Amino acid sequence: MGSRLPWTVMNPNAETPAPRSLPRLHRAVVEWYGREARDLPWRAPDRTPWGVLVSEIMLQQTPVVRVLPVWTRWLQRWPEPTDLAAASPADVVRAWDRLGYPRRALRLHAAAQRIRDIHGGRVPEDHAELLALPGIGAYTAAAVAVFAFGQRHTVVDTNIRRAHARLFTGHALPARSLTAAENRLAEAVMPEDVAGSVAWNQAVMELGALVCTARAPRCGQCPVRDECAWVAAGSPPAAEKPRGQSWQGTDRQVRGAVMAVLRAAQDPVPRPLLLTDLAGSEQLAAGHSAPPDVVVERLGALWRLDAPTEQRERALAGLLADGLAAEEPAGIRLPG
DNA sequence: CATACGTGGAC
DNA sequence: TGTCCAAGTAT
């Protein structure tokens with residue numbers, strides 16, 4: 001067979017070890033990383049496992065540029081897990097600022113307490129122990145084990161999934177949810193030696209973030225363009241359109257607005273006042289460019305859409321269930 | 001396996 | 001302008 005197509009294209013279900021061409025791929029991508037990688041503080045020589053762990057949690061579904069300032073402040077304020085463990089949940093959520101998904105902040109806080117209580121205040125190196133921490137799933141456990149402790153694990157994040165899909169499988173985008181086949185592929189294409197595997201994981205992730213991007217991939221700058229199954233196939237478009245996350249008029253939107261009010265308030269907010277504030281919330285007005293009176297009218301319409309009070313109450317119930325807000329005589333407040 | 005979960009920048 | 005997307009996790 002004189003075909004130059006990547007092995008997975010010829011043998012999509014293969015679970016066999018790496019083909020002969022992989023070392024060249026490894027070298028090309030790792031060299032590219034050495035040239036083009038971003039200078040991020042959680043990659044610096046003086047990084048700590050705790051700093052890496054914090055960065056990985058913050059980076060879940062959140063862009064690097066938004067994480068950078070918050071991460072820096074966070075590490076200054078809470079340089080060790082035990083420092084964060086001693087903080088109040090309210091302070092933790094406020095310091096989280098507007099990174100989004102504030103439950104991550106609460107889980108990170110809980111993880112810090114667990115690290116203090118059963119790991120002697122040190123971030124555990126063991127993958128299974130990392131996985132057992134709140135807020136840490138398959139990706140983050142592997143990422144910390146690899147990037148903080150230099151171990152050999154398959155790191156599979158959205159960047160790597162996309163790069164693998166194009167490079168090896170020939171698809172524009174990976175499936176909606178992570179499949180067992182993707183994990184097998186990640187293991188199959190990873191260098192056998194520990195140092196090589198760490199470099200490869202880091203480099204492919206960066207390649208996905210900077211070059212092999214979701215929207216407009218910069219194939220002209222790709223170090224492995226000639227090896228790419230997707231390019232070889234003529235860069236066909238994605239099979240199915242991604243399903244957008246609904247937002248307007250959902251509990252989620254209301255939860256976001258509630259969080260904005262509670263973050264800004266130092267004292268408990270009386271329930272009636274909270275609901276009033278929500279009606280005038282910028283969050284809920286965002287996306288409307290009409291004059292103020294029209295916006296207010298539209299918001300009114302939004303609230304009236306279907307049982308508006310019930311919707312607000314449901315969002316509030318969600319916050320209470322998450323422990324993000326506490327119900328007390330004085331009003332609603334952040335926990336702690 | 002699908003869905004809920006924040007926030008804001010880019011096209 | 002509305003849609004898509006960003007180093008996922010828990011249920």
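All of these numbers come straight from a predicted model, not from anything done at the bench. Labels below follow one simple rule: chain letters A, B, ... track the order of the sequence lines, proteins then strands, and each chain is numbered from 1. Any value given below was found using the heavy atoms of this structure, including those in side chains, with hydrogens, waters and symmetry copies removed.
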Is there a donor and acceptor pair closer than 3.5 Å between the side chain of [X] and the base of [N]?
X        : N     : answer
A:Arg104 : C:dT9 : no
A:Thr62  : B:dG6 : yes
A:Arg252 : B:dG6 : yes
A:Arg215 : C:dC5 : no

Could you state the atom-to-atom distance from [atom1] of [X] to [atom2] of [N] in whole Å?
X        : N     : atom1 : atom2 : result
A:Leu108 : C:dT9 : CG    : P     : 13 Å
A:Leu99  : C:dA6 : CG    : P     : 17 Å
A:Leu106 : B:dC5 : CG    : C1'   : 13 Å
A:Leu68  : B:dT7 : CG    : P     : 19 Å
A:Trp71  : C:dA6 : CH2   : P     : 23 Å
A:Tyr101 : C:dA7 : OH    : P     : 13 Å
A:Gln61  : C:dT9 : CD    : C1'   : 9 Å
A:Tyr139 : C:dA6 : OH    : P     : 13 Å

Tell me which nucleotide among [options] gets nearest to the side chain of [X].
X        : options             : answer
A:Trp247 : C:dG8, B:dC1, B:dG6 : B:dG6
A:Pro102 : C:dA6, B:dT7, B:dG6 : B:dG6
A:Ala214 : C:dA6, B:dA2, C:dT9 : C:dA6

> So which one's nearest nucleotide on DNA chain C is more toward 5', A:Gln202 or A:Ile136?
Replying inline: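 Its nucleotide being nearer the 5' end, the pick is A:Gln202.
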> How long is the gap from CD on A:Gln60 to CG on A:Asp157, to the nearest 0.5 Å?
Replying inline: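 The CD atom of A:Gln60 sits 11.0 Å away from the CG atom of A:Asp157.
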Checking all strands, does [X] fall into the base, sugar-phosphate, or nothing category for heavy-atom contacts under 4.0 angstrom?
X        : result
A:Leu324 : nothing
A:Thr140 : sugar-phosphate
A:Ala216 : nothing
A:Trp96  : nothing

>> Treating A:Glu206 as the side-chain partner and A:Arg38 as the backbone partner, does any N or O pair qualify as donor plus acceptor under 3.5 Å?
In response: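 Yes; judged by distance alone, with no hydrogens or angles, the pair exists.
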When the [atom1] atoms of [N] and [M] are considered, how many whole Å apart are they?
N     : M      : atom1 : value
B:dC1 : C:dG8  : C1'   : 16 Å
C:dA6 : B:dG6  : C1'   : 12 Å
B:dG8 : C:dA10 : P     : 24 Å
C:dG2 : B:dC5  : P     : 22 Å

>> Tell me whether the rings of A:His127 and A:His153 are parallel (<30°), tilted (30 to 60°) or perpendicular (>60°).
In response: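 A:His127 vs A:His153 ring planes: parallel.
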> With nearest nucleotides of DNA chain B determined for A:Gly100 and A:Arg243 from heavy-atom distances, which residue corresponds to the more 5′ nucleotide?
Replying inline: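 Result of the comparison: A:Arg243.
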>> Tell me if the aromatic rings of A:Trp50 and A:Trp78 count as close, with their centers under 6.0 Å from one another.
In response: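 Ring centres of A:Trp78 and A:Trp50 not closer than 6.0 Å.
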> So A:Met58 and A:Trp74, side chain to side chain contact (heavy atoms under 4.5 Å, CB included) or not? Walk me through it.
Replying inline: CA-CA 11 Å; A:Met58 289 184 172; A:Trp74 194 279; 3.6 Å; yes
> Can you check side chain to side chain donor-acceptor pair (under 3.5 Å) on A:Glu192 and A:Ser197, steps first, answer last?
Replying inline: CA-CA 7 Å; A:Glu192 307 240 5; A:Ser197 71; over 6 Å; no
